[in-house]
Protein chains: 2
Amino acid sequence: MAEVDDTDRLLLDLLRVDARRTYSDMAGEVGLSVAAVKRRVDRLREIGVITGFTVQVDHARLGAGVEAFIELRFLGNTRVSAIVRSVGSIPEVQAVFTLAGDPDALVQVRVRDLAHLQLVIDTLRRSGSVTGTRTLMVLGSWERRD
Amino acid sequence: MAEVDDTDRLLLDLLRVDARRTYSDMAGEVGLSVAAVKRRVDRLREIGVITGFTVQVDHARLGAGVEAFIELRFLGNTRVSAIVRSVGSIPEVQAVFTLAGDPDALVQVRVRDLAHLQLVIDTLRRSGSVTGTRTLMVLGSWERRD
DNA sequence: CTTGAAATCTCCTAGCT
DNA sequence: AGCTAGGAGATTTCAAG
C-alpha cells in the first residue's frame, strides 16, 4: 500500500492548483526544506500516486468547441479491454469509462462541430460490437480547481 | 479569436505530456530559443488558451477508489448557474457538465466506497431542485495521454 | 512584432551529515 | 530531514531581423 501522509497530500493539493510551482514555493508552504520536498514528490511519482503533470487547455479557443458524452451498449460477449482499445484509438475520444450495468461505457469526445460529432458517432457505431449509442451534448462544464 | 500557430500547438502537446518540462527541453523540441518558448507559453496563458497546469493522480491509491457519473434531472425552472453552484460545492464532485435535453446534467464524483457514494447521492437529491438521479458506476477508465 | 544572446538571479539536484 | 556546493534553469534586458 502507498503510505501518503498529510504533508504529501498538501503537496498534491499545491501541485493540483499549479503543477509548475517550484520546489522552493512548496517548501515554504509546507515548512520543509527544498530537498525534502523534492524527495517527497519524486517518491510520489515512484510509488505511482503521481502519474504525470499536464496542461489545462480551453479547447473552445482551439477550434474544438463541441463536447459530448456518448453512452455505448455492446453485445454481451464483448471484452472490456477490446472496448477501450477500439474506442480509444479514435482521436476525438478524450476518455473512456467502462461501467457497471447499463450502459456499458461512457465516452467523452471533443469535436469541431456537429457534423464532426456525427462522424465520430458513426465511427463508434461501426467499430466493434456496438449495439446502441445515446449522445449527451455538453452545454457547459465546471471542473474542480481547488 | 485566439491566434495559435503550429509551434504553439506543438508546445501545448509537449506540455500535455509533461507540464513540468523545462523551457530548455521545449526549445530543443521546437527549434526556438528558450526565451522565445517562454514568451509563447506566457502568451498562451494570457490569452486564456492555457488555463493552468495540474498533477495527474492515481486516486485509487489515495483511498478514493470509487468513481461514478450521476445523471441529474431538475425542475424546469432551474437556472444552469444555480445547478453548477450548488453541485460544485460538494467536495466529492470532480466535474459538472450541463447538458442539452435529458438529463439536465452529468456529475462526476469520486468517493471512498459505496456508503460514501450513497451519502453523496443523498446530498445531491436534497440540494436544490433535483427531481431525479441515475448513477453510472465506473469500473475502469482510460484517458488520452498523448 | 518576434527572435536570439547574454547577464543575472533563482532553482534544482546530489552528496553528505 | 537539513545543509551545502556546483550545475542547470528561469527571467529580464537589449540588440537585430
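We name chains A, B, ... by the order of the sequence lines, and we start the count at 1 in each one.
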A.B. asks: How far does CG of A/L124 sit from CD1 of A/I70, to the nearest 0.5 angstrom?
C.D. replies: 5.0 Å

A.B. asks: Mark yes or no for whether A/S141, through its side chain, and B/F97, through its backbone, hold a donor-acceptor pair below 3.5 Å.
C.D. replies: no

A.B. asks: Specify the separation, in whole Å, of atom CG of B/L32 and atom C1' of C/dG4.
C.D. replies: 10 Å

A.B. asks: Distance-only, no hydrogens or angles: does the B/R61 side chain make a donor-acceptor pair with backbone N or O of A/I47 under 3.5 Å?
C.D. replies: yes

A.B. asks: Rounded to the nearest Å, what distance is computed from the CD atom of residue B/E3 to the C1' atom of nucleotide C/dC1?
C.D. replies: 11 Å

A.B. asks: What integer distance in Å separates A/R39:CZ from D/dT4:P?
C.D. replies: 14 Å

A.B. asks: Within less than 4.0 Å of OP1 or OP2 of C/dT2, is there a side-chain N or O belonging to B/R40?
C.D. replies: no

A.B. asks: Rounded to the nearest Å, what distance is computed from the CG atom of residue B/D42 to the P atom of nucleotide D/dT11?
C.D. replies: 7 Å

A.B. asks: Would you mind reading off the distance between B/K38 atom NZ and C/dT8 atom P, rounded to a whole angstrom?
C.D. replies: 19 Å

A.B. asks: May I ask you to say what A/A35 touches in the nucleic acid, namely base, sugar-phosphate or nothing, with a heavy-atom cut-off under 4.0 Å?
C.D. replies: base

A.B. asks: Does the cation-pi check pass for B/R20 over A/Y23, that is, NZ or CZ under 6.0 Å from the six-membered ring centre and within 45° of its axis?
C.D. replies: yes

A.B. asks: Specify the residues of residues 16-27 of chain A, ordered by number, for which at least one heavy atom lies under 4.0 angstrom from an atom of DNA chain C.
C.D. replies: A/T22, A/Y23, A/S24

